[in-house]
Amino acid sequence: MEPLMALAIGLLYATAVFMMLRRSIVKLVIGLLLLSNAANLLIFTTAGMTRGAPPLIPEGLQQPLGEVADPLPQAVVLTAIVIAFGVLAFAVVLIRRAYEIVKADDLDKMKETDT
Amino acid sequence: MRPEVALPVLLPLLSGAISLLFWRSRPMQRFIAVAGNVALLVVSLWLFVATLSDGYITMQMGNWPAPFGITLVADMLSAVMVLLTGIIGLAMGIYSLATTGRGHEKFGYYPLMHLLLAGVAGAFLTGDIFNLYVWFEVMLVASFALLTLGGERAQMEGAIKYVTLNLLASVIFLTAVGLLYGTLGTLNMADIALRLDVAEHTGMVEVLAVMFMVAFGIKAAAFPLFFWLPASYHTPSVAVSALFAGLLTKVGVYSLFRVFTLMFDQTMGYLQDIMLWGAVFTMVTGVLGAAAQHEFRRILSFHIVSQIGYMILGLALYTPLAIAGGAFAIMHNIVVKTNLFLISGITHRLQGTYQLKKMGGLYRERPWLAVAFFISAFSLAGIPPLSGFFAKFVLVRAGLEAGAYVATGFALAVGLMTLYSMVKIWNEVFWKALPEDNLVPSSQTPVGDDGRLVKPSLWMMYLPVGVLALMSLLIGLFAEPVMNVMTAIGDQLTTPSGYIEAVLGASVSPEGALASPGEIQAEETENGSEDLP
Amino acid sequence: MVKSGTIILNTAARFLMPLQLMFSVFLLLRGHDEPGGGFIAGLVAAGAFTLYLFAFGVSATRELLRMVDPRDLIGVGLLFGMVSVLPAWFMGQPFLTAQWWTIPVIDFKASTPLIFDVGVFLAVLGSVMGMVMALMEADKDEP
Amino acid sequence: MQLALLMGFVLAAASPLLNRWFGQRASLVMAIFPAFLAAWLISLAPSVVNDGPMLLEWQWVPSLGISLSFLLDGLSLLFGLLITVIGTFVLVYAGGYLKGHADIARFHVALVAFMASMLGLVLADSLFTLFVFWELTSITSYLLIGFNHTDIEARKSARQGLFVTVAGGLMLMAGLVLLGIASGSWSLHEISQMEGDLRQHALYTPMLICLLIGAFTKSAQFPFHFWLPNAMAAPTPVSAYLHSATMVKAGIYLLARLHPELGGTALWVGILSLVGATTMLTGAFLAIHHTNIKKLLAYSTIMALGTLTMLLGIGTEYAMTAFVTFLLAHSMYKGALFMVAGILDHETGTKDVTAMGGLRKLMPVTAAITMVAALSLAGVPPLLGFIGKELMLEAALGAGSFRPLIVLFAFASAVLTIAVAAIIALRPFYGQRQSTPQDPHEAPLSMLLGPGLLALGSLLVGLAPGLLGGNALLTSAAIAVSGQSMDVSLSLWHGINLPLIISIISLGLGFLVFKRWGGVRSKLAYLNPIMRRGPEAGYEGFMNGVVLFSEWQTRLLQNGYMRNYILVMLTVLIALIGNSILLRHSPQLAFELDVHFHEVIVVGTMAMGAIFATISRSRLGAVVSVGIMGFSIALVFILFSAPDLGITQLLVETLTVILLVLVLFRLPRFSNLSTTLERIRDGVAAASLGVLVFLLIMTAWSIDQFESISTYMVENSVPLAHGLNIVNVILVDYRALDTLGEMFVLALAAIGVIAMLRLRPVEDDDSSAVNGGKPNAKEPYDG
């Protein structure tokens, strides 16, 4: 499964980066969204994927029955998802405000703060 | 149980949470801003003193033994950085009282400041690579919010670049963490260091190293990854600029120091040259960028980039002396650069502009401000006996001893160009007479109740400026104790085994770190076990 | 564009919201043992309020929340999180060490991780509500 | 000794206070300090002269081998005396010159600090201390040159002087560090007592070149001489002090100090003799070019500095005697002459000698002082200057290498110097009385005292060189410079020898030049186009070039186009990763494809979602595609044993889509803004990154060397953490700190969003937040 996922994730990275290189701020933010999803999937995939063995322990037992999926990447990804959501929400509102002020969605029109 | 290692993170988090709860009450927030930051300074001093005597201080958060839980570790470098965070935090807390507008205060300026400090302190103290990512994000999102607070057009434009490029760095960082976990199966930095030493696929190790280098390089604003900094640092309110200038990029530099001395020490052979030239170009492009500017804060922003080059140079040379010099540069720069931004705020308050062309006459009008600027600016340029001189001297000596003559030559030339910009500011803002077309805005010269002119009360702005200028002077005059600390940092960083032992306990081997977990587990909480089925 | 809801939406929101909120509390409490937990619960609760918001608009939602501003929720949530850190200190253990108590009458396991999870729940709920309400409000200001 | 220096800096700091207390007399009060130091140095003199150098050590930064140690030998004693004695006179003089000036307190701060720095420089034993004081003199002199800071010329000159000297200072620093590395010691006296010869060391050449550039910039040697005349923008007391006796001599001091250890090699002799001789002639030649009295003196100072350098280059015993004598003579007469120039400027309101005339009757004392000092400059017996010049010519004749050139240059300089002396002594005081901007009358006593005593000194020492142990002092200084024992015994009369004859001829020729000065100047005016291309133009051109280059470079790099920024960063990343994984090492791939059909569908949907999001031409299409992708990801999580993740992803995705819908539809439609070429370029970059990511995931996944730490977490979830959902246990217990940080991230994002949406900027406010208590937001929403 992992090779297939790796392929898809590679594609996700590529599309994300391609979108970030566009001039429109909307595409930029979609690129960011794709990128963070791609990174989360990467963590999940690289650690190895397991079918049908969620890291849960049946009631009354001390240890899970048999092998379970690695819970640590799941926790890490969960944290990363929530962080990415916060950051993206911020970015989305930022481009909205930027558009309201600059009156254009073209990044090339937002270069006054550079030299 | 060493609470001092966790408190510098937890206290500002607490101050931030409380400050947020009091979002309706400005006086309360202002009180917390000072009280919380005083407390932060006190605990960071505590940590510093403790680290000075013990070398390493660790805390296994949640009482989970080392590679499994999250460890907070303070070595000399962390302790110094946290101490500086405390100092800068308090300076900013006081300075902000005078400069922060009512609207900013109402919309969370102070909580954001506290949480930014928490993120910075967390990044300095954590011993876990994913936890480092989390603190980076805390710091980053706080900085996003502070950067956009106020909603000016320039802020928005700057923020888009700042946010995007920093997020790119974050994703690279996160990707690297993911790959690292996939490769090594651990997140604890000391454990990573052990496993990397025996990792068979050196190609992957190298890839991880370069990914961390790029990710932290972006955060640190190293060449050619610094673009976000000059585009945004001059846009927010000046106290925010100062806070960013002092601390944020240094977190990136700190991470480079940490990661490349602790984890990737064996990869340095390949990366050293890349890093060395990166450092040289960072210095040169930054300082040249500053030479092309004619606005107070833009000049200072580009100089941040340039100074980062010095710090990375110290790391790239990779000798104990050079690392000590790099650490000295970090420390000196935090104090001085923050102060220069604070001074630019005062001059702006006095003259209503950041354009050098429109300013002038402050040498005669505000001699003490001139003295503070003079000390800070010439310290930045590395003039003895101020703090910057020692940083430069140590680096030059280390560079010449290591035979890196070209890089050292550039470092010296950059010092001269730094002087160029600083003298430009001095000549224009302080020596030149105030141009006649500068109509100082009416709000700058408030009129009292009886109709007479009142001097604006600036002591809350002057106090931090004065203290920081004095620090720069004292660091230079009493360089010996400071240098001892820096030497200790250099020694600690070049012998990572001390750090690893402090985190994982004595007698560790790569296998030991993986030993069967049940045996390692410490005593269980006493009141917990009996209550449970 | 999302100004007022249709009748179906209104009715659905009125009935679904309490259910969703109850479900979120359920998710919160069982989170330590089964899928769920503070995040998920917080997001579900936020979804409930968002639904209400879409159906009845900002002022009605504010009315519903009465004294509680999303920012208060965030503050309280964060404070809960911080509070759960500290008890270990008084026991002389590293911060964040879990403490367990059994509340005698209802035989309920109380613990610092639970307090922590409640904090997460409140912070997530407050944050998401704060963002969505601010956005809706901004839309109302500038058509 | 430290105490003395420390006192200097304390005094500098206290000077505003002193000025408040003593008002006009502050200068006099402060003059007590250098006078006291001079007396103290004199009291130490006998023991130094008889028993050899004194050493005092005080650790500063021992971990770097840095100490504040001081060495008092003949050379430092001579310099120390010059600094303190002339310093006393200058302070007294400045009290008169700057009477009533608003910034006099600041002047005192800088001047006294400079004095202390200069003293520290010549007394330093540690290389490090030497350098610190060296830089301090640069900084304080910057403040002094720019004293008239509202004048743009003063600012420019101050900056120029600072750059040239600090640039040299940096070279010096490199040189000193190399010296320290080569010799293994940071102490001058230890280096001098070392066995082994530094001249043979591998680092000798770079070290020497660095040190020489440092010394040459400070001492205004060709081609760095241009800053010195420009520094005349400083008030005259500063010129009299810095540019005659002290700062510019710091480089000379350094050369003299290093001569015993580093001197004598072909490199040393060649560079110093040639540079010295060139500087000497350039200075003398440029001097008669000017009518501004201060510039005349400045160039003649350059000439003297060149002479001193040349003498050190020649390096014979004679040259050493000449060096110390000339040094002393020059400091005395040049100090006096500068102060006289200040008097003339002060009284007449002009600095142009051609605009003055006939002042002898109005200012008889000044005239007399000028005459004596100028005669010394010209080298006329029986003044000290004569002895100095005789010895110099003698040394030039005895030069080992480049003798014809040196003699020729020395002769020409002597002629021109005499002309300069004549211009200064005769032009303002004799001839027709001319009207000047101010009505001249005799200067006050405070301004006459210094030059008078210095002129008197020139005369007395010339008449009786042995008086007051003068010979002994010079001997011990010469010994320190040459590093060998020798005996200096000055006398006025050497018999009729070649130098004397040259002297007499040059006297005649020099007077001739003076007589025809106007004609000479107009002839020289033809050379102006060439002069404009001198080193100063080079400096200006270089500085402008740097600024132009930096502007170009900044426009190139910091160009404001974010896609370029991202592209650069990605290129760096791709290049570095690619180099590591493809070129230096190879990826590790293990293709065991084990997939189920429904999984392929889910993953395919996800990939299609991403692709459609990219190529979609409508906002709605993009949002829907992103949503589909997000939900597919949630499905992947659920399919592969991560229920918590799946639920979270589902909820987050829903909220994200809501946010996007709320925001994106206020933004304009997609438009195609980039060219095909750009799209191809970006596509290549994106594809390379995608491929690399694929390879990395495969490699990381196939490496199975280590056991994961999560085994422990699974095993202890129930026994120790009392939770059945291991992921949740990790979140709230094992790694609760992450979660703590994460909830703060979310809270911060919410604060930021709320502030961004509710806090709007005030119109017409160019500042961001610096307007204090003024509310700068629209009445924000409450409760």
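Protein chains get the first letters and strands the later ones, always in sequence-line order, with residue 1 at the start of each. If you're wondering where the values come from, they're calculated on a predicted model, not measured in any experiment.
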Using 30° and 60° as the class limits, which term best fits the ring planes of B:F216 and B:F212: parallel, tilted or perpendicular? parallel

Who wins among A:I43, A:I95, A:V76 for the most heavy-atom pairs under 4.5 Å with chain B? A:V76

Report yes if some heavy atom in the side chain of B:F68 is under 4.5 Å from a heavy atom in the side chain of B:N188; otherwise report no. no

With a 4.5 Å cut-off on heavy-atom pairs, point out which of B:V163, B:V134, B:I160, B:V141 contacts chain A the most. B:I160

Contact origin within A:L42 toward chain B - heavy atom pairs under 4.5 Å: side chain

Okay, B:T175 and chain A: the region with an atom under 4.5 Å from a heavy atom over there is both

With side chains defined as the heavy atoms from C-beta onward, is the minimum distance between A:V87 and B:E137 less than 4.5 Å? yes

Cut-off 4.5 Å, heavy atoms of chain A, and the answer for B:L140 is neither

Report which part of B:L174 has an atom under 4.5 Å of a heavy atom belonging to chain A: side chain, backbone, both, or neither. both

Go through the steps for A:M20 and A:L35 under the test side chain to side chain contact (heavy atoms under 4.5 Å, CB included), then give the verdict. CA-CA 9 Å; A:M20 286 178 72; A:L35 196 61; 3.8 Å; yes

Assess the residue pair B:L248 and B:M139 against the criterion (side chain to side chain contact (heavy atoms under 4.5 Å, CB included)); give the C-alpha distance rounded to whole Å, side-chain angles, the decisive distance to 0.1 Å, and a yes or no. CA-CA 8 Å; B:L248 290 197; B:M139 180 183 93; 3.5 Å; yes

Atom group of A:F44 that falls short of 4.5 Å from chain B, counting heavy atoms: neither

Would you call the rings of B:Y162 and B:F244 parallel, tilted or perpendicular, where under 30° means parallel and over 60° means perpendicular? parallel

Should B:Y181 and A:D70 count as side-chain neighbours, where that means a heavy-atom distance under 4.5 Å? yes

Option in A:I25, A:L32, A:V29, A:L28 with maximal non-hydrogen atom pairs under 4.5 Å from chain B: A:L28

Which one of B:G182, B:A231, B:G185 has the most heavy-atom pairs closer than 4.5 Å to chain A? B:A231

Do you know which of A:A38, A:P73, A:G31, A:S36 has the most heavy-atom pairs with chain B at a distance under 4.5 angstrom? A:P73

